[in-house]
Colleague: 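Here's a structure for you.
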Amino acid sequence: MGKWMVFSAWPYINSEPHLGTLLHLITADYYARFLKGVGEEAISVSGSDEHGTPIEVEAMKQGRKPVELTDEMHKKVLELLKQFSVELDNYSRTDNEVHKEFVRDFYLRLEQEGYVFKQQTIQLYCEHDKIFLPDRFVVGKCPFCGYERARGDQCENCGRLLEPTMLIDPKCVLCGNTPVKRQTYHWFFDLPRLSDKLRAFVAGLPENVRFFSMNMINEGLKPRSITRDNKWGIKSPFPGSEDKTIYVWMEAILGYLSGVKELELGGRPGLFEEYWKSPDTKSVYFIGKDNIPFHSIILPGLLIASNAGYSLPTYISSTEFFLFGQLKFSKSQHVGVWASEALQIADGEYWRYALLSLRPERGDSNFSWADFQKIINNDLNDTIGNFINRVLKFVSEKFDGVVPEQRQLTTDDKEFISKITSKKREYIDLNYSLKIKDAVKAFLESGYIGNEYLSGQKPWDLIKRDYDRACTVIYNSVQTVNHLGFMMSPIMPVKSAGLLKQLNISKFTAELKWEAINPGHKINRNDVSPLFSKIKIKKA
RNA sequence: GCCGGGGUAGCUCAGCUGGUUAGAGCGCCAGACUCAUAAUCUGGAGAUGAGAUUAUCCAGAAGUCGAGGGUUCAAAGCCCUCCCCCGGCACCA
């Protein structure tokens, strides 16, 4: 049995994360908890991605140092993650020393392996802001359609792809001055040389990732520049490149490695080699479709090129987007739901449940307040919460909080037991196949089955005329609560802990074995209370 | 332009290696129950109309998963043409 590394895409912290970004962090946290829950050895890592031009520019606008900005933002993200019950083994940041050193060593090694070359390029430079301008930081007249506000990478009006130098009358987007062309040197990663190896790797990826990536390879990979002329970033290690920094993507992506290294240095000797260099290690990356190529091509490319025996990604689980009333979430347009807003509306754990059950695994999925409310009120509260509550209340009121014995099983009981057991098995299997949305659904369906059983068996009726039957039905229902708790615990860790307390047990059983809570066990009847409550959302 | 994804009940979606009468949840209608947080459970209509019949019912034919063709004993899943929506097309993070 191999070990597992669970990763979430590192959020770029130029602003607060929105639901789309949060989704991957929550999923990674969920998945790592699931794995640990079934007894796998797993570590989970992510962190704040904090270098690069957008943050540098934002800091410039505010008249602050970039690091002040990201210190603040990173702290805020940590705070937010806590509220969403995201507790990865390491949630790091790219400005930490371990990462920086790791990155520099890594690229020096890559150079030794012969995958780095230096080349001259021409780029637009703003003399006023003293900054080389990335494509999107230049606007001007489109040479094809004449649209005045075409960006350096693409004209929004006619859709044509552009080069910044093609723009007529280019302007710096920051200050409006005309940038100048300036010669510079950059160090490049020789990606094309890895085409064949990457093609073999990509062939094993899931379809939604594979098509896209294979296409890029077939169109011909291009060398990827490693360096930038920015100040805010990791100092480039190549001789002669002292005034340059590493391009933010090319270093942040190595956080998956440095984050594990950091864990090792934090007191787990040997961890890095054990995980990253073992052929048995499985790795899962939870990402959005917008950064597929970085995980399917660039990261594996870097890993292969380093020739250091790192294990390549095993699973890349890419989701589509959440749309918000048909529109894509967007920071600039202010479309979408931000993390702190979300927390004002509902408990972080409710969001975990909702986001995991809406997870856009197949196509873009619409997020609407009505759906959200329905998921919380009907699914979580009415189906799951109410089932648990009616069982525990019953045990408290009618059995003095003591779990009754199982007597003679009827056909109905046996059928019920087998239904719940197979839902649990299904839940586990679906998780292993990374069908998380379906796994969460299996959890919900277990709630339907439980309620159906209670309504059909009517223990409140039985207790008056057939005590043995009542015992059996309630015994089975209590076992069901344990199994539900098991499925719930990675989804809503805090709520599950509350349930453990109500049940007066230390953990939920991962096994499929029916009896997990013995007859005669006393639950904490004074703690029994509904786990969830309904929410009401005012129209936005 | 190229690549990919989507278009299935009022809504959100599942089904798509072709195979029984196209499913679920929500919503709607009716009923049951009262242990439980006005929660739960059951049944029904609903992705189609028309003809015939006094009516219920039954039988037959036809239609039905964006549109239209095709392949097949059999298509929501495959092929072709087309329409609509979304995303991407790498130095944006």
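These numbers were taken from a predicted model, which means no experiment stands behind them. In the text below, chain A, chain B and the rest are named by the order of the sequence lines, each starting its count at 1.
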Colleague: So does A/N389 reach the base of B/rU37 with its side chain, donor to acceptor, closer than 3.5 Å?
Modeller: no

Colleague: Identify whether any heavy atom of A/N381 sits under 4.0 Å from a base atom; if not, whether one sits that close to sugar-phosphate; answer base, sugar-phosphate or nothing.
Modeller: base

Colleague: Just the rounded figure in Å: distance from P of B/rA38 to CG of A/D382.
Modeller: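 Between P of B/rA38 and CG of A/D382: 9 Å.
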
Colleague: Would you please indicate if the ring centroids of A/H74 and A/Y91 are separated by under 6.0 Å?
Modeller: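 When the ring centroids of A/H74 and A/Y91 are compared, they turn out to be within the sub-6.0 Å range.
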
Colleague: Check for me whether A/R224 meets the cation-pi criterion with A/F189, that is, NZ or CZ under 6.0 Å from the six-membered ring centre and within 45 degrees of the ring axis.
Modeller: no

Colleague: Rounded to whole angstrom units, what separation is found between the CD1 atom of A/I463 and the P atom of B/rC33?
Modeller: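 Rounded to whole Å, this separation is 20 Å.
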
Colleague: The side chain of A/K374 lies closest to which of these nucleotides: B/rG25, B/rU12, B/rA39?
Modeller: B/rG25

Colleague: When the ring planes of A/F7 and A/Y285 are compared, do they come out parallel, tilted or perpendicular, using 30° and 60° as the limits?
Modeller: tilted

Colleague: Hey, does the side chain of A/K522 reach the backbone of A/D400 with a donor-acceptor pair shorter than 3.5 angstrom?
Modeller: yes

Colleague: Using a heavy-atom cut-off of under 4.0 Å over every strand shown, decide if A/K393 touches base, sugar-phosphate, or nothing.
Modeller: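 Answer is sugar-phosphate: A/K393 comes under 4.0 Å of backbone atoms only.
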
Colleague: Rounded to whole angstroms, how far apart are CD1 on A/I253 and P on B/rA90?
Modeller: 18 Å

Colleague: Take atom C1' in B/rC28 and the same atom in B/rC65, then report the distance between them in whole Å.
Modeller: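 It comes out at 22 Å once rounded to the nearest Å.
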
Colleague: Using the side-chain heavy atoms of A/E452, tell me which of these nucleotides is nearest: B/rA93, B/rC35, B/rU42.
Modeller: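 Nucleotide nearest to A/E452's side chain: B/rU42.
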
Colleague: Applying a 4.0 Å non-hydrogen cut-off, can you work out what A/M216 is touching in the nucleic acid: base, sugar-phosphate, or nothing?
Modeller: base

Colleague: For the side chain of A/P54, counting heavy atoms from C-beta on, which of B/rU40, B/rC3, B/rA93 is nearest?
Modeller: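 Of B/rU40, B/rC3, B/rA93, B/rA93 is nearest to the side chain of A/P54.
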
Colleague: B/rU40 phosphate, OP1 or OP2: any side-chain N/O from A/Y448 under 4.0 angstrom?
Modeller: no

Colleague: Could you measure between the two C1' atoms, the one in B/rA14 and the one in B/rU8, and give it in whole Å?
Modeller: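 Taking atom C1' in both B/rA14 and B/rU8, they lie 10 Å apart.
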
Colleague: Distance check needed: B/rG23 P versus A/D438 CG, whole Å only.
Modeller: 19 Å

Colleague: Quick one: A/N218 CG to B/rC89 C1', roughly how many Å, whole number?
Modeller: 14 Å

Colleague: Reckon A/Y453 touches a base, only the sugar-phosphate, or nothing at all at heavy-atom distances under 4.0 Å?
Modeller: nothing

Colleague: Who is the Watson-Crick or G-U wobble partner of B/rG23, with both distances under 3.5 Å?
Modeller: B/rC13

Colleague: Just compare B/rA93, B/rA39, B/rG25 and give me whichever is closest to any side-chain atom of A/N386.
Modeller: B/rA39

Colleague: Scan A/N378 against the nucleic acid and name what it touches under 4.0 Å (heavy atoms): base, sugar-phosphate only, or nothing.
Modeller: sugar-phosphate

Colleague: Would you mind telling me which residue lines up with the more 5' stretch of RNA chain B, A/F188 or A/P459, judged by nearest nucleotide?
Modeller: A/P459

Colleague: P atom, B/rG60 versus B/rC13: distance in rounded Å?
Modeller: 38 Å

Colleague: Distance only, no hydrogens: is a donor on one side chain within 3.5 Å (strictly under) of an acceptor on the other, for A/Q457 and A/R469?
Modeller: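 Looking only at side-chain atoms, A/R469 and A/Q457 do form a donor-acceptor pair, the distance falling under 3.5 Å.
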
Colleague: Any strand counts, and the cut-off is 3.5 Å on both contacts for Watson-Crick or G-U wobble. Which nucleotide pairs with B/rG49?
Modeller: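 Across all strands, not a single nucleotide pairs with B/rG49.
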
Colleague: Any base atoms under 4.0 Å from A/G220, or only sugar-phosphate, or nothing? Heavy atoms, all strands.
Modeller: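 Base, at least one base atom sits under 4.0 Å.
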
Colleague: Using the C1' atom as the point on both nucleotides, what is the distance between B/rA75 and B/rU64, in whole Å?
Modeller: 13 Å

Colleague: Would you mind pulling out the nucleotide paired to B/rG68, Watson-Crick or G-U wobble, both distances under 3.5 Å?
Modeller: B/rC80

Colleague: Tell me which of A/K534 and A/K398 sits closer to the 5' end of RNA chain B, going by the nucleotide each one is nearest to.
Modeller: A/K398

Colleague: Taking atom P of B/rC35 as reference, at what distance in whole Å does atom CG of A/N476 sit?
Modeller: 21 Å

Colleague: Do A/K374 and A/D371 sit within salt-bridge range, that is, some charged N less than 4.0 Å from a carboxylate O?
Modeller: no

Colleague: For a quick check of understanding: with a heavy-atom distance under 4.0 Å over all strands, which category does A/F532 fall into, base, sugar-phosphate or nothing?
Modeller: base

Colleague: Does the separation of the ring centres of A/F372 and A/W351 fall below 6.0 angstrom?
Modeller: yes

Colleague: Using the C1' atom in both, what is the distance from B/rA62 to B/rG49, to the nearest Å?
Modeller: 10 Å

Colleague: How should the glycosidic conformation of B/rG49 be described, syn or anti, under the criterion that syn lies within 90° of 0?
Modeller: anti

Colleague: Using the C1' atom in both, what is the distance from B/rA9 to B/rA45, to the nearest Å?
Modeller: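 Those two atoms are separated by 11 Å.
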
Colleague: Regarding A/L531, tell me which of base, sugar-phosphate or nothing describes its non-hydrogen contacts under 4.0 Å with the strands shown.
Modeller: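 It contacts base atoms.
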
Colleague: Report the nucleotide, chosen from B/rC3, B/rU40, B/rG88, that has the shortest atom-to-atom distance to any side-chain atom of A/N215.
Modeller: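 Comparing B/rC3, B/rU40, B/rG88 against the side chain of A/N215, the answer is B/rC3.
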
Colleague: Between A/Y350 (side chain only) and A/S533 (backbone N and O only), is there a donor and an acceptor less than 3.5 Å apart?
Modeller: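 It does hold such a pair.
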
Colleague: Quote, to the nearest angstrom, the C1' distance that separates B/rU71 from B/rC79.
Modeller: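 B/rU71 and B/rC79 have their C1' atoms separated by 7 Å.
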
Colleague: Can you figure out which of B/rA93, B/rC41, B/rC13 approaches the side chain of A/K437 most closely?
Modeller: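 That would be B/rC13.
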
Colleague: Reckon A/D49 touches a base, only the sugar-phosphate, or nothing at all at heavy-atom distances under 4.0 Å?
Modeller: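 Sugar-phosphate, backbone atoms only, no base.
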
Colleague: Could you give the CZ-to-P distance, from A/R359 to B/rA14, as a whole number of Å?
Modeller: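 So the CZ-P distance, A/R359 to B/rA14, works out to 14 Å.
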
Colleague: Taking the six-membered ring for Trp and the single ring otherwise, decide whether the centroids of A/H186 and A/F238 are under 6.0 Å apart.
Modeller: no

Colleague: In whole Å, what separates the P atom of B/rG44 from that of B/rC85?
Modeller: 40 Å

Colleague: Measure from the side chain of A/W460, starting at C-beta and using heavy atoms only, and say which of B/rC35, B/rU40, B/rA93 lies closest.
Modeller: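 The answer is B/rC35.
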
Colleague: Only pairs with both distances under 3.5 Å count, Watson-Crick or wobble alike; so what is the partner of B/rC89 in this structure?
Modeller: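 Here B/rC89 is engaged in a pair, and the nucleotide opposite it is B/rG1.
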
Colleague: Nearest to the side chain of A/W249, which nucleotide is it out of B/rA93, B/rG27, B/rU34?
Modeller: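 Of all the options, the side chain of A/W249 is nearest to B/rA93.
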
Colleague: For B/rA39, give the paired nucleotide (Watson-Crick: N1-N3 plus N6-O4 or O6-N4; G-U: N1-O2 and O6-N3; both under 3.5 Å), or none.
Modeller: none

Colleague: Quick one: A/I292 CD1 to B/rC3 P, roughly how many Å, whole number?
Modeller: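 Rounded to the whole Å, the gap is 17 Å.
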
